[in-house]
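Have a look at the structure below before the remarks.
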Amino acid sequence: MKIPLVDLVAQYRSIRGEIDQAIQSVLESGTFILGDNVAAFEEEVATYLGVRHAIGVASGTDALLLSLRAYGIGPGDEVIVPAYTFFATAEAVSHVGATPAFVDIDPKTYCLDAAQLQSKFTPRTKAIIPVHLYGHPADMAPILELAKGRGVKAIEDNAQAIGAEYRGRKTGSLGDAGCLSFFPSKNLGGYGDGGMVVTNDSALAEMARKLRTHGWRTKYHPEMLGFNSRLDELQAAILRVKLRHLDAWNGRRREIAELYRTLLAGSEFELPGEAAYAKHVYHLYIIQVKERVVIQEHLRSLGIASGIYYPLPLHQLQPYRHLRHHSESFPEAERAAQETLAIPLYPEMTDDKIEAVASGIREAVASSQLSGRKLVGRNVAL
Ligand SMILES: Cc1ncc(COP(=O)(O)O)c(C=O)c1O
C-alpha cells in the first residue's frame with residue numbers, strides 16, 4: 001500500500017464537480033485578476049476568521065513581506081522570529097532590509113517560546129512574528145502583551161494554521177496582522193500559489209491593497225513603489241469552494257491525530273499534543289524521536305512517505321550564518337531540526353492507511369530494539 005504525506009488528487013476527486021464548475025465560470029467570465037471571486041473570497045475569509053479586512057496576495061511569503069513593508073519596517077530595524085520555522089518567515093524580514101532576531105521555541109508546541117521573548121528586545125525591535133507551526137497556535141497572550149507594552153507590531157504567520165484557535169479565537173485574527181498561505185498542500189490550499197493579509201487595522205489594509213498593485217489606488221498613479229502581488233481569480237474561485245469544506249477537513253485531521261495517539265500510545269517517543277489554550281489543526285503530524293532515520297527507512301521500505309520539516313534551524317541556514325549565532329543559542333530549535341519527523345496525515349486518509357502507518361512505526365521501533373539501537377524520545381507532557 002503506497003501512502004503519501006498528502007494526497008491532493010484524492011481531495012480534488014472528492015469535490016471535482018464543484019471545482020470544475022468554479023474554474024469553468026472564471027474561464028467564461030474573462031476576468032482573471034482582482035475580480036468578483038477575489039473580492040468575495042476576501043469577504044468570506046474575513047468572516048471566517050472574524051476580522052474586518054482581508055487582502056488577497058500572490059503567496060504567504062508576500063503576505064509577510066507586504067505586512068512588514070506596510071508597517072514601514074526596513075533597514076536598521078529588528079524583527080523577532082522563532083529560530084525554527086519555514087525559511088520564508090525570516091526571508092520576508094530580510095527582504096524589507098530588516099534583521100531577523102531569533103528566539104528559541106517551546107519544545108511542547110514547536111512555537112516561539114514566549115518566556116524568552118523579553119530578552120530579545122532591543123531599541124531597534126519593530127515587530128514580532130509568532131508562527132503557528134504545524135497547525136498549533138503559539139501562546140499569543142504573553143506575546144501580545146509584550147508587543148503592546150513595547151509598542152511593536154505582532155504579525156502572525158498563520159500559513160500553516162487556518163482554522164486553528166487560541167482560547168476560542170481563530171489564529172490570524174489575534175495580532176495586528178495575520179498572514180495566510182494557500183500553497184497547495186496547506187490546510188486550505190489552491191492549485192498554485194496564493195496568500196492573504198488579514199487585519200482589523202484599516203490603515204494596514206489600505207496600505208497592503210496599494211502595495212499589491214504597484215503602490216497605486218488609481219491605476220497608473222503610483223503613490224509609492226509597490227509590487228505585483230495579487231491573488232488571481234482562478235485561485236480565488238477554487239479557494240472559495242474549498243473554504244466551505246475547511247472545517248470538515250480540519251475536523252478529520254483532528255480525528256486522525258486522535259487515532260494516531262491511540263495507535264501509538266506507549267511508544268517511547270514524543271507525539272504531538274495540544275496545549276490547554278489551543279485547538280490544533282494538524283497541518284503536519286510530527287513525531288519526535290532521536291533516531292528518526294530508523295523509522296523513516298522502515299516506512300520507506302513499506303511504501304509509506306515521511307518528511308523532515310525542517311532539517312536546519314534558521315540560524316544555521318546559509319543566508320543567516322553571517323549573524324554568527326553560537327551553536328548552543330537555540331537548543332530546542334536545533335533538537336527539533338534533528339529529531340522531528342512528519343508522518344502522513346491528510347483529511348482523505350482512510351483508517352486502514354492510518355493503521356498501516358502506525359503499525360509500520362511500531363515495527364520499526366521493535367526491530368530497532370532487537371538490533372540494539374535505542375529509540376529514545378523526550379517526554380514532554382502538555
Ligand atoms: C510557516 C510558513 N510561513 C510562510 C510560508 C510561505 O508561504 P508561501 O509558500 O505561500 O509563500 C509557509 C509556506 O510554505 C510556511 O509554512
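Just follow the structure's listing: the first ligand is 1, and inside any ligand the first atom is 1.
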In ligand 1, the atoms that come under 4.0 Å of a heavy atom of Thr89 are 3 (N)
Looking only at protein heavy atoms, identify the closest one to atom 12 (C) of ligand 1 and say how far it is in Å.
Phe86 CD2, 3.4 Å
Are any of the side-chain nitrogens in Lys108 or Glu274 under 4.0 Å away from the carboxylate oxygens of its partner?
no
Within the 4.0 Å heavy-atom cut-off, what Thr61 brings close to ligand 1 is both
Face-on cation placement of Arg240 at Phe41 ring, 6.0 Å and 45° thresholds:
no
Taking the basic N atoms (NZ, or NE/NH1/NH2) and the acidic carboxylate oxygens, is any pair closer than 4.0 Å for Glu223 and Arg217?
yes
Non-hydrogen atoms of His283 versus ligand 1: any pair closer than 4.0 Å?
no
Logged contact type for Thr85 with ligand 1, heavy-atom cut-off 4.0 Å, is side chain
Considering only protein heavy atoms, which is closest to atom 3 (N) of ligand 1, and at what distance to one decimal place?
Asp157 OD2, 2.7 Å
Protein contact of atom 14 (O) of ligand 1 - nearest heavy atom, named by residue and atom, plus distance
Lys186 NZ, 2.9 Å
Please confirm whether Lys120 makes a cation-pi placement over Phe102, using NZ or CZ under 6.0 Å from the six-membered ring centre and within 45° of the ring normal.
no
Is there a polar contact, in the sense of an N or O pair closer than 3.5 Å, between Gln160 and ligand 1?
yes
Considering only heavy atoms of Ala159, which atoms of ligand 1 have at least one such atom less than 4.0 Å away?
2 (C), 3 (N), 4 (C), 5 (C), 12 (C), 15 (C)
Should Lys242 and Glu18 count as an ion pair when the cut-off is N to O under 4.0 Å?
no
Tyr285 vs Tyr260 aromatic rings, parallel, tilted or perpendicular, using cut-offs 30° and 60°?
tilted
Before signing off on this row, confirm whether Gly60 and ligand 1 have an N or O atom pair separated by under 3.5 Å.
yes
Taking NZ, NE, NH1 and NH2 as the nitrogens, is one of them in Glu332 or Arg335 under 4.0 Å from a carboxylate oxygen of the other?
yes
Could Arg252 and Asp351 be called an ion pair, given the rule that one side-chain N must be under 4.0 Å from one carboxylate O?
yes
Quick note on ligand 1: atoms under 4.0 Å from a heavy atom of Val131 include exactly 1 (C)
